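Chain letters run A, B, ... following the sequence lines, proteins first, then strands; residues in each count from 1. Here the structure is a predicted model, which means the values were calculated and not measured.
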Amino acid sequence: MTLSYAEEREANIRRNRLVLCDLKYKRLVPDKEPKEQPRVKSKRRATETEEHVEAPPRKTVRAEVLLDIPSDGKRRSNRLANHAPISDVRRGTPLPLTVKKIVSSSLGDTKNTRKHNPKVYGNIPGIEVGSWWATREECSNDSVHAPWVGGIAPGQDGAYSVALSGGYEDDVDDGYAFTYTGAGGRDLKGTKAAPKNLRTAEQSFDQSFEHNHNKALKRSAETGKPVRVIRGFKLQSRYGPSEGYRYDGLYEVKRYWTEKGLGKGGHLVCKYAFIRLEGQPDIPVNPAKIGDADDIGE
DNA sequence: GGGCCCGCAGGG
DNA sequence: CCCTGCGGGCCC
């Protein structure tokens, strides 16, 4: 039987959500087994006031367990020593929802005037979590995410950064965890008969980890290098900004796999599960996006 | 809204 | 050089 696009998407989302849940379960495994505590899904409706006004520093257990999930069972000894220092970011500080903070260091200058090398792992000096730009170009100028279009900035030991812009409709975003789809599998130049010069297009063939970008994210999972994450206005998630692009801090890739993507043909796509590092300012919830698109990010 | 073209950063 | 890529602007 053939599923409709909506049904397929629904199924994909469910599966992706399970992957994230799986990571969370591991994360929540306490030292002292409190028996099958019925996991009541806290019925918290994230209203603006709740997230905004109160937002007490959430004492979650996220990070500690994360470190318990070696991607390949190998060393994780002093891996954190290589991480950029994140101790200087304030804990639990809610980010502003409406105040736009334009950080771009090269205002009105089309030329690249970067102060820092974007090809580094971890935070960019001087760029706070929550920083906002109107365009990818400005974000690129501030070295947070170099590519103007591409979602993945690949490096030798992992990706330096990724952009969440809602390009794949079956990805799940929980803010502190999300799934992400790799690159490739799109025919950007059309056919000989009907040549195109596109930057994005529908999936028309399989993605693979041989693709440099996808390989880099796989490496991220293996090395544990932190990945900078920006969320864009097109992201159908309550954690997506209404306009522009926002730097949401550092994440680690905890898992990678392939699955059948959406669209005609159901071509394979590379998928990744990201988990946010602890000790960073909370991510704001966007009231304007709550309830969007079947409530992705629920 | 959709279609089309385009610049740019980065990698091969 | 070439090609790619979850942009952006313009036109209709």
Check nucleotides 8-12 of chain C for protein N or O atoms closer than 3.5 Å to its own N or O atoms and list the pairs.
{"residue": "C/dG8", "atom": "OP1", "partner": "A/Arg136", "partner atom": "N", "Å": "2.9"}
{"residue": "C/dG8", "atom": "OP2", "partner": "A/Tyr245", "partner atom": "OH", "Å": "2.7"}

Take the protein atom CG of A/Asn214 and the nucleotide atom C1' of C/dG5, then report the distance between them rounded to whole Å. 12 Å
My understanding is that only residues two or more places apart in sequence, or in another chain, count here; which of them pass side chain to side chain donor-acceptor pair (under 3.5 Å) with A/Gln207? A/Tyr168
Examine A/Lys218 relative to A/Phe209 and say whether NZ or CZ is less than 6.0 Å from the centre of the six-membered ring and inside a 45° cone about the ring axis. yes
Out of B/dC4, B/dG12, B/dA9, minimum distance to the side chain of A/Asn212 belongs to B/dG12
Each residue besides A/Trp257 in its hydrophobic cluster should be listed here, by chain and number; the cluster joins Ile, Leu, Val, Met, Phe, Trp and Tyr at side-chain heavy-atom distances under 4.5 Å. A/Val19
Minimum-distance nucleotide to A/Ala146 side chain [options: C/dC6, B/dC4, B/dG10]: B/dG10
With sequence neighbours excluded, what pairs up with A/Arg186 under the salt bridge (Lys or Arg N to Asp or Glu O under 4.0 Å) test? none
Between A/Asn197 (CG) and C/dG7 (P), how many Å, whole number? 16 Å
Is any side-chain N or O of A/Ser140 closer than 4.0 Å to OP1 or OP2 of B/dC8? no
From NZ of A/Lys271 over to P of C/dC6, roughly how many Å is that when rounded to an integer? 13 Å
Tell me which of A/Val149 and A/Tyr160 sits closer to the 5' end of DNA chain B, going by the nucleotide each one is nearest to. A/Val149
Base, sugar-phosphate or nothing for A/His145? Non-hydrogen atoms, less than 4.0 Å. nothing
Closest heavy-atom contact between A/Tyr272 and A/Asn214? OH-O, 2.7 Å
Separation of C/dG5 atom C1' from A/Leu217 atom CG, nearest Å, is 14 Å
Partner set under side-chain contact (heavy atoms from CB on, under 4.5 Å) for A/Ser208, not counting sequence neighbours: A/Glu210
Calculate the interatomic distance between A/Lys196 atom NZ and C/dG5 atom P; express it in whole Å. 16 Å
Contacts of A/Tyr5 meeting side-chain contact (heavy atoms from CB on, under 4.5 Å) (sequence neighbours excluded), chain-then-number -> A/Arg9, A/Glu169, A/Leu262
With sequence neighbours left out, the residues meeting side-chain contact (heavy atoms from CB on, under 4.5 Å) with A/Ala11 are none
Rounded to the nearest Å, what distance is computed from the CG atom of residue A/Asp187 to the C1' atom of nucleotide C/dC3? 13 Å
Distance in angstrom units between A/Gln207 CD and C/dG5 P, rounded: 9 Å
Please determine whether a side-chain nitrogen or oxygen atom of A/Lys189 lies at a distance below 4.0 Å from atom OP1 or OP2 of C/dC3. no
Reckon A/Arg114 has a side-chain N or O less than 4.0 Å from the OP1 or OP2 of B/dG10? yes
Say whether, by atom type as modelled, one donor and one acceptor occur between the side chain of A/Ser140 and the main chain of A/Ala146 under 3.5 angstrom. yes
Along DNA chain B (nearest heavy atom to each residue), the more 5'-positioned of A/Leu198 and A/His213: A/Leu198
Contacts of type side-chain contact (heavy atoms from CB on, under 4.5 Å), residue A/Ser204, not counting sequence neighbours: A/Asp187
Contiguous pairing runs of three or more, Watson-Crick or G-U under 3.5 Å, that involve DNA chain C: B:1-6 with C:7-12, B:8-12 with C:1-5
For A/Gly232, report the nucleic acid contact type (base, sugar-phosphate, nothing); a contact means any heavy atom under 4.0 Å. nothing
I need the NE2-P distance between A/His211 and B/dG10, as an integer number of Å. 16 Å
